[in-house]
2 protein chains.
Amino acid sequence: MDRKDHQIVRALMHDGRLSNQDLAAAVNLSPSPCLRRVRLLEERGVITGYAALVDQKAMGYPITVFVGIRLSKHDQATVQAFERAIGAIDDILDCFLMTGDIDYLLRVVAPDLDGYERFVRERLHAIDGIASIDTSLAYGVVKQSRVLPLPG
Amino acid sequence: MDRKDHQIVRALMHDGRLSNQDLAAAVNLSPSPCLRRVRLLEERGVITGYAALVDQKAMGYPITVFVGIRLSKHDQATVQAFERAIGAIDDILDCFLMTGDIDYLLRVVAPDLDGYERFVRERLHAIDGIASIDTSLAYGVVKQSRVLPLPG
DNA sequence: AGTATATTGGAATATTCTGCCAAGGACTGC
DNA sequence: GCAGTCCTTGGCAGAATATTCCAATATACT
C-alpha cells in the first residue's frame, strides 16, 4: 500500500472501467506493473469488486427509506436469524450495526410509498425478534459518493 | 428499458468489469447489440458510472458514522450554502435530504474516533446555519449491496 | 399486406490484456 | 563500501477483447 497503490485505488473508485493502459498512464507506470498491482489489490481484498452505478429512479426505485430497528432480544440466535433474513431481502441495500438507541440502520429502496408499506408488512414484520421499526423517508439525494477521502 | 436492458444493468451492478463478450453471453445477445445497449444505457443516464468497491478498513477508514443535521433556517441561501459545503467535503460519502425531525442524514467515514471528532470540529462546525448535529456510530456492516432489486 | 423503423448478428479492424524475461533499483549482511 | 539478494519495473508478443460497419431480420404501424 504505497503511494502508487493509493493512486490506483482512487482512480478505480472514480472510474471502475478504466482500461489498464489508461490507468497505467494516470499513475505513471507502464501497463504490466500496473496490472500486477491491481491484481494484488484485488487479492488482498483492498479492492473487493466492481459495480456499475445505476440511477435508482430509472430503475423504478425512486424512494429511499432509512429504517431504524431494535431487536427484542440480543442473544446469538435472534441476531443471527435477523442478519440472515436481512441478507436475503433485496430491497435492503445496506444494513449497519449501530451504537445508541437503535440496533440496526437499514437503507431500503422502494418503487413508491405503497411498495414500501408492503415491504414493511410482508418482509420486515415476517422477521422474528424485531421490537421496533422506525421509518425515515429520504426526500432526495444531495450527494452520493463512493470515493474515500485521501488518507492522512 | 425492456427485459434485456434490465438484465444488462443487473449483470453490470454485480460485476462492473464484465467484458462485453461475457455480458453478451449472459443476456443471450451477440457482442455488438449488447455493447450498443450498454452505451445507450450510459447515455440515457441509467448507468451513471462505474466504480471499484474498496474495503474501507484497508484504506484507513474503519469508522462509519451517521450524522443527523438540522439547519437553523431553511431559506434558499442557507440550504444552498450547506449543500455546497457538503459536496466539497470528501469525508462525507452520502448526504440525503430527509423528512421528519432531521433535515439531512450524512454518512461519514473516519480513520478513528479522534479523526471523527476533528471532522466535526473543523469541518462541520465550519458550516453556517447548522442548528444541531446528532451522531450515531456504526459498529459494523451487516450488509452493503449495490444491486437494486428486480422491478415488479 | 406493406412500408418504415428499430434491432440484430457477423466480419474486419483496432485496441487492449497479459504472461514472460531481462534490466534497474533498493535493501541486506559483511 | 561492496557484492548478493529480492522486489519491481518496462517492453515485447501472442491472445483476447472492443468497436465499427453493413446486410439481414424482426417489430410496429397503417
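Lettering follows sequence order; numbering is per chain, from 1.
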Hey, is the main chain of [Y] close enough, under 3.5 Å, to the side chain of [X] for a donor-acceptor pair?
X: B:Arg146; Y: B:His14; answer: yes
X: A:Arg123; Y: A:Ile86; answer: no
X: A:Asp91; Y: A:Val108; answer: no
X: A:Thr48; Y: B:Asp55; answer: no
X: A:Lys143; Y: B:Ile92; answer: yes

Worksheet item: At their closest point, which heavy atom of B:Lys4 faces which heavy atom of B:Val27, and how far apart are they?
Response: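 What the structure gives for the nearest pair is CE-O, 2.7 Å.
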Tell me the closest heavy-atom pair linking A:Met98 and B:Tyr139, and the distance in Å.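 In this case the closest contact between A:Met98 and B:Tyr139 is O-CD1, 3.8 Å.
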Per-pair distances, 0.1 Å, donor-acceptor, side chain in residues 124-137 of chain A, under 3.5 Å, sequence neighbours excluded:
unit_1, atom_1, unit_2, atom_2, d
A:Ser132, OG, A:Arg70, NE, 3.2
A:Ser132, OG, A:Arg70, NH2, 3.4
A:Thr135, OG1, A:Tyr116, OH, 2.6

Residues touching DNA chain D, which here means a heavy atom under 4.0 Å, drawn from residues 17-42 of chain B
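Only B:Ser19, B:Asn20, B:Gln21, B:Ser32, B:Leu35, B:Arg39 qualify.
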| message | Over the length of the helix from C:dA1-D:dT30 to C:dC30-D:dG1, how much do the five-pair end axes diverge, rounded to 10 degrees? | response |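 It works out to 50° between the end axes.
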Exercise for review: List in chain and number order the residues that pass salt bridge (Lys or Arg N to Asp or Glu O under 4.0 Å) with A:Asp2, two or more places apart in sequence or in another chain; answer none if no residue qualifies.
Suggested key: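 So A:Asp2 forms a salt bridge (Lys or Arg N to Asp or Glu O under 4.0 Å) with A:Arg37.
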### A:Arg107: salt bridge (Lys or Arg N to Asp or Glu O under 4.0 Å) partners, not counting sequence neighbours
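Checked A:Arg107 against salt bridge (Lys or Arg N to Asp or Glu O under 4.0 Å); matches are A:Asp94.
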Q) Which nucleotide span of DNA chain D, 5' end to 3' end, has atoms closer than 4.0 Å to non-hydrogen atoms of chain B? A)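 The contacted stretch runs from D:dT17 to D:dT20.
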